[in-house]
Amino acid sequence: MRFTAAPVIELNVGGAHLAIEQDNGSMHVGTSVWPCSLVLVKFLERWLLNCASSSSPNPYAHLLPFSGKRAIELGSGCGPAGMGISLLGLNIILTDIAPVMPALKRNLKRNKPALGKMLKIAQLYWNNNKQIEALNPPFDFVIAADVVYLEDNVGHLVSAMEALLAPSGVVLLGYQLRSPEAHQLFWELCETVFTVEKIPHQDLHPDYAYEETDVYFLRKK
């Protein structure tokens, strides 16, 4: 996969600077940076870092601390969400399918100075139970941003989230409607497994509160 002259998305998290290189001309959606990943990271930064220095009450304090917790990201793509959340202190494994791995590896290498280390990665197809078991679940957090766009994959996605998440864990979901059919099926399946909490739009980061994007917390019933 070639990345020459590819556009770069800049993202500042907790005082560190990420530069995420993307290839919008490839055949795989995972080689582009999608808005939900940025919205999710900046929402967490707002309440995990910025609120820590404020006397205002933090309605999401139950997410703290990330220290000592395990997380896994589904559909990491170029890696903006996983890298950003790592900078917020969460021990995370980034996963995606084989064709997207070159983009993910390149961006992790590019951003190693900001990250301070190479993050763990793993190939994961959501319907591959052996790959899921090899990741040693359960995880305290499952991260997913902009992963609901193909109806045929929705069932595998929800099953993977359920298999990977600890009983008391939380799915942190950045979401945008991409396909009406996938949207309907995803939320129907989620409601059989998870309780769903939609974050009020005013609680998103003011500079990353795009009208079309939302953040959800999902917990096992």
Side-chain angles (χ1 to χ4, degrees), residues 13-14 36-37 39-52 54 56-76 79-96 117 119-122 124-148 153-175 185-201 203-205 213-221:
V13 183
C36 289
S37 58
V39 170
L40 179 59
V41 170
K42 296 301 284 189
F43 161 74
L44 293 170
E45 180 193 48
R46 176 184 179 183
W47 294 103
L48 298 178
L49 293 186
N50 298 351
C51 195
S54 171
S56 302
N58 181 356
Y60 306 107
H62 55 286
L63 285 176
L64 297 172
F66 274 175
S67 177
K69 301 295 180 67
R70 298 178 70 230
I72 188 164
E73 184 184 14
L74 306 182
S76 297
M83 289 192 291
I85 290 172
S86 174
L87 288 170
L88 295 173
L90 192 56
N91 179 21
I92 187 169
I93 301 173
L94 282 63
T95 72
D96 215 312
K117 60 182 178 180
L119 302 184
K120 295 178 182 178
I121 62 172
L124 177 61
Y125 289 80
W126 299 333
N127 63 341
N128 190 318
N129 291 329
K130 289 186 178 179
Q131 289 181 344
I132 290 175
E133 292 172 6
L135 291 165
N136 193 27
F139 291 85
D140 302 296
F141 293 95
V142 172
I143 312 298
D146 226 329
V147 293
V148 182
N153 289 344
V154 165
H156 300 316
L157 170 61
V158 175
S159 294
M161 291 193 302
E162 182 181 12
L164 290 164
L165 189 66
S168 59
V170 181
V171 177
L172 302 178
L173 176 68
Y175 188 85
L185 180 59
F186 176 74
W187 291 113
E188 285 178 356
L189 293 177
C190 278
E191 288 177 0
T192 67
V193 180
F194 302 108
T195 60
V196 177
E197 178 185 354
K198 183 179 180 180
I199 302 305
H201 224 250
D203 285 354
L204 302 180
H205 191 289
T213 59
D214 290 294
V215 171
Y216 291 86
F217 296 163
L218 308 180
R219 295 178 178 83
K220 284 185 174 179
K221 289 185 173 180

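Positions are given from 1, in the same order as the sequence printed here. Values in this document were obtained by computation on a predicted structure and should not be read as measured data.
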If every non-hydrogen atom of [X] is compared with every non-hydrogen atom of [Y], which pair is closest and at what distance?
| X | Y | answer |
| --- | --- | --- |
| Arg219 | Glu197 | NH1-OE1, 3.3 Å |
| Val41 | Gly84 | CG1-CA, 3.9 Å |
| Ala144 | Leu40 | O-CD2, 4.2 Å |
| Pro80 | Ser37 | CG-OG, 3.4 Å |
| Leu94 | Gly79 | CD2-CA, 4.1 Å |
| Gly155 | Leu189 | CA-CD1, 3.8 Å |

First locate atom [atom1] of [X], then atom [atom2] of [Y], and finally report the distance between them rounded to the nearest 0.5 Å.
| X | Y | atom1 | atom2 | result |
| --- | --- | --- | --- | --- |
| Leu44 | Leu204 | CG | CG | 10.0 Å |
| Leu87 | Leu48 | CG | CG | 12.5 Å |
| Asn127 | Ile132 | CG | CD1 | 8.0 Å |
| Asp214 | Lys198 | CG | NZ | 4.0 Å |
| Glu133 | Asn129 | CD | CG | 6.0 Å |
| Met83 | Glu73 | CE | CD | 9.5 Å |

Tell me, yes or no, whether the heavy-atom count around Lys220 atom NZ, taken from other residues, nucleotides or ligands under 6.0 Å, exceeds 12.
-> yes
Mark yes when over 12 heavy atoms from residues, nucleotides or ligands other than Lys117 sit less than 6.0 Å from its NZ; otherwise mark no.
-> no
For [Y], does its backbone N or O pair with a side-chain atom of [X] as donor and acceptor, under 3.5 Å?
| X | Y | answer |
| --- | --- | --- |
| Lys69 | Gly89 | no |
| Asn91 | Arg70 | no |
| Thr213 | Tyr175 | no |
| Asp96 | Ser76 | yes |

Would you sort out whether Phe141 and Ile85 count as a side chain to side chain contact (heavy atoms under 4.5 Å, CB included), showing the intermediate values?
-> CA-CA 11 Å; Phe141 293 95; Ile85 290 172; over 6 Å; no
Between Lys42 and Glu45, is there a salt bridge with N-O shorter than 4.0 Å?
-> yes
Report yes if the side chains of [X] and [Y] come closer than 4.5 Å at any heavy-atom pair, otherwise no.
| X | Y | value |
| --- | --- | --- |
| Val171 | Phe217 | no |
| Phe43 | Leu172 | no |
| Val13 | Leu88 | yes |
| Cys190 | Val158 | yes |
| Phe194 | Tyr216 | no |

Return the orientation label for the Tyr60 and Trp47 ring planes: parallel under 30°, perpendicular over 60°, tilted otherwise.
-> perpendicular
Would you sort out whether Leu165 and Leu218 count as a side chain to side chain contact (heavy atoms under 4.5 Å, CB included), showing the intermediate values?
-> CA-CA 10 Å; Leu165 189 66; Leu218 308 180; over 6 Å; no
Might you work through the side chain to side chain contact (heavy atoms under 4.5 Å, CB included) test for Phe186 and Leu173, ending with a clear yes or no?
-> CA-CA 12 Å; Phe186 176 74; Leu173 176 68; 3.9 Å; yes
Start with the C-alpha distance between Leu74 and Leu164, add both sets of side-chain angles, then the distance that settles side chain to side chain contact (heavy atoms under 4.5 Å, CB included), and finish with yes or no.
-> CA-CA 10 Å; Leu74 306 182; Leu164 290 164; 3.6 Å; yes
